[in-house]
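Notes for the one structure printed next.
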Amino acid sequence: MKALVLDAEWSPRTEYVPTERERREQRAENASLIYRQPTLRLADLPTPTAGPGEVLIEVKACGVCGSDLHMIEQLPDGYMSSADPANLPVALGHEFSGVVVEVGPGVETLAAGTRVAVEGSQWCGACLPCRAGVFGQCSNLNEHGFSVNGAFADYVVTKPQYCWPIDALVEQFGEDAAFEAGALVEPFSVIYNALFVRAGGFLPGGHVAVFGAGPIGLIAVILARFAGAGTIVALDTVQERRDLALQMGADAALDPVALARDGQDAAAAIRELTGGMGAALAVESAGAGARTFPVIERSMALGGKIVQVGVGAGQAPLTLITLQTTNINLYGSMGSSGSGIFAAVIRLMAGGRVPVLPLITARFPLERVMDAFDRTAERRDGKVMVRA
Ligand SMILES: [Zn+2]
Ligand SMILES: [Zn+2]
């Protein structure tokens, strides 16, 4: 089978001592500390089979994510730029759907022929965080496309507990498009987790500001609109993404860099657009806290919530007295494990009221997955989708 395989050289930084597990499994908890010189190739691999407790999925659609780009980007010193876990070589791809084509011994909850969306994160269910119900913080977390093979491939092996049937999406969108919607369940779930599970949502009529209108920010606009936001303001430096934000339901889309160039302040613009009130919820989906937080902290309504969902290394400035005087809350959100989020997102999409497929702005066959990565790296699209 064809698969997009990432490899790199195992060479822990001199100042970093790998953990016992990292050495035993040759698995980095943070790729940028251990792996250097990443290389990417479309390889011919043996088609896998489903072992005990596993299922084999024939992949139908897999979205390209910003995290995939981080996996192939290098820091100036040659180390991988990704701070995600990595066990290389690995087939990339973690936002996917497909058809179960084989069930291994002992699998009783999923039958061959079932069309499914698959969770990217594999929580173990046995460690203390899992037993406490915080699956995203699993001590043994594995992730498709990072530490176990992912779905820029013809086939992928997973476990039934990470699979969610998408029959309802087939009814709403038809068979072929249902697989594309199915591949969007993962990124929708990431933002569902951030907005509604981690931050606990906002009251209808509250204003929402979205910092960074890449695919995750665009989905934040979609879900905030559907959840009854008053005014939604999106911010991005790329014109195409501001246009997409307006299409997905934002009321205004600002270019913070252009505003600053003209001597204007993005926070003041947000306050003006929200009638002086500010944002009940701010979503940081840029992963650029050093630049976004100075604006965010001055854009908030009293008692507002900030949720960090963009992934970026480094520190962000925060004026702590502002948290105190305005009763602001700050939440960190990672992934989408637990809380039945995949099922909720599938129901939401199947209801037919939220825009789903318009988020996809480019499609490539698996043979052209490298082109799909190049296209994503231009950072002008909504979601770039790789199709079987
Ligand atoms: Zn992703
Ligand atoms: Zn666990």
Side-chain angles (χ1 to χ4, degrees), residues 4 6 21 25 27 29 31 53 59 61-73 81-86 90-97 117-153 156 158-159 161-162 180-194 212-220 222-223 283 285-287 308-312 333-339 341-342 345 359-362 369 372-373 375-377 379 381-386:
L4 182 68
L6 178 83
R21 182 188 179 202
E25 300 181 13
R27 172 196 196 279
E29 293 300 331
V59 179
C62 184
V64 187
C65 176
S67 309
D68 296 320
L69 294 181
H70 291 150
M71 289 289 275
I72 64 172
E73 287 163 355
S81 86
S82 173
D84 276 308
V90 77
L92 297 179
H94 60 274
E95 304 180 353
F96 65 103
S97 65
V118 183
E119 290 188 53
S121 297
Q122 306 189 328
W123 36 269
C124 78
C127 69
L128 285 177
C130 281
R131 291 167 74 186
V134 283
F135 301 98
Q137 275 63 40
C138 169
S139 312
N140 305 308
L141 199 67
N142 269 316
E143 294 179 71
H144 279 298
F146 296 92
S147 58
V148 295
N149 278 338
F152 293 123
V156 62
T158 190
K159 294 190 175 129
Q161 59 266 43
Y162 312 124
E180 296 194 341
L184 288 171
V185 173
E186 199 271 354
F188 264 75
S189 294
V190 166
I191 201 74
Y192 186 108
N193 187 39
I216 288 291
L218 292 171
I219 296 168
I222 292 169
L223 291 183
V283 182
S285 43
Q308 178 67 42
V309 62
V311 179
S333 188
M334 193 79 178
S336 59
S337 303
S339 306
I341 294 174
F342 260 58
V345 166
L359 194 64
I360 302 169
T361 50
V369 63
F373 271 60
R375 174 76 178 247
T376 308
R379 292 186 160 88
D381 280 279
K383 182 57 76 177
V384 175
M385 191 63 69
V386 174

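Read the numbers this way: they start at 1 and go in the same order the structure lists the ligands and their atoms.
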Opening angle at the Zn ion (ligand 2) [SG, C124; SG, C138; to 10 degrees] | 100°
Measure from the Zn ion (ligand 1) to every N/O/S atom of H94 and report the name of the nearest one.
-> NE2
Partner of V64 under side chain to side chain contact (heavy atoms under 4.5 Å, CB included), chosen from L92, V386, V369, D381 = V386
Between the side chains of N193 and S336, is a donor N or O closer than 3.5 angstrom to an acceptor N or O?
-> no
C127 atom SG and C130 atom SG as seen from the Zn ion (ligand 2), angle to 10 degrees | 110°
Would you mind checking if K383 and E180 are paired as a salt bridge, meaning a charged N to carboxylate O distance below 4.0 Å?
-> no
So, E95 and the Zn ion (ligand 1): N/O/S under 2.8 Å, yes or no?
-> yes
Examine the side chains of H94 and S67 and answer whether a donor and an acceptor come within less than 3.5 Å of each other.
-> no
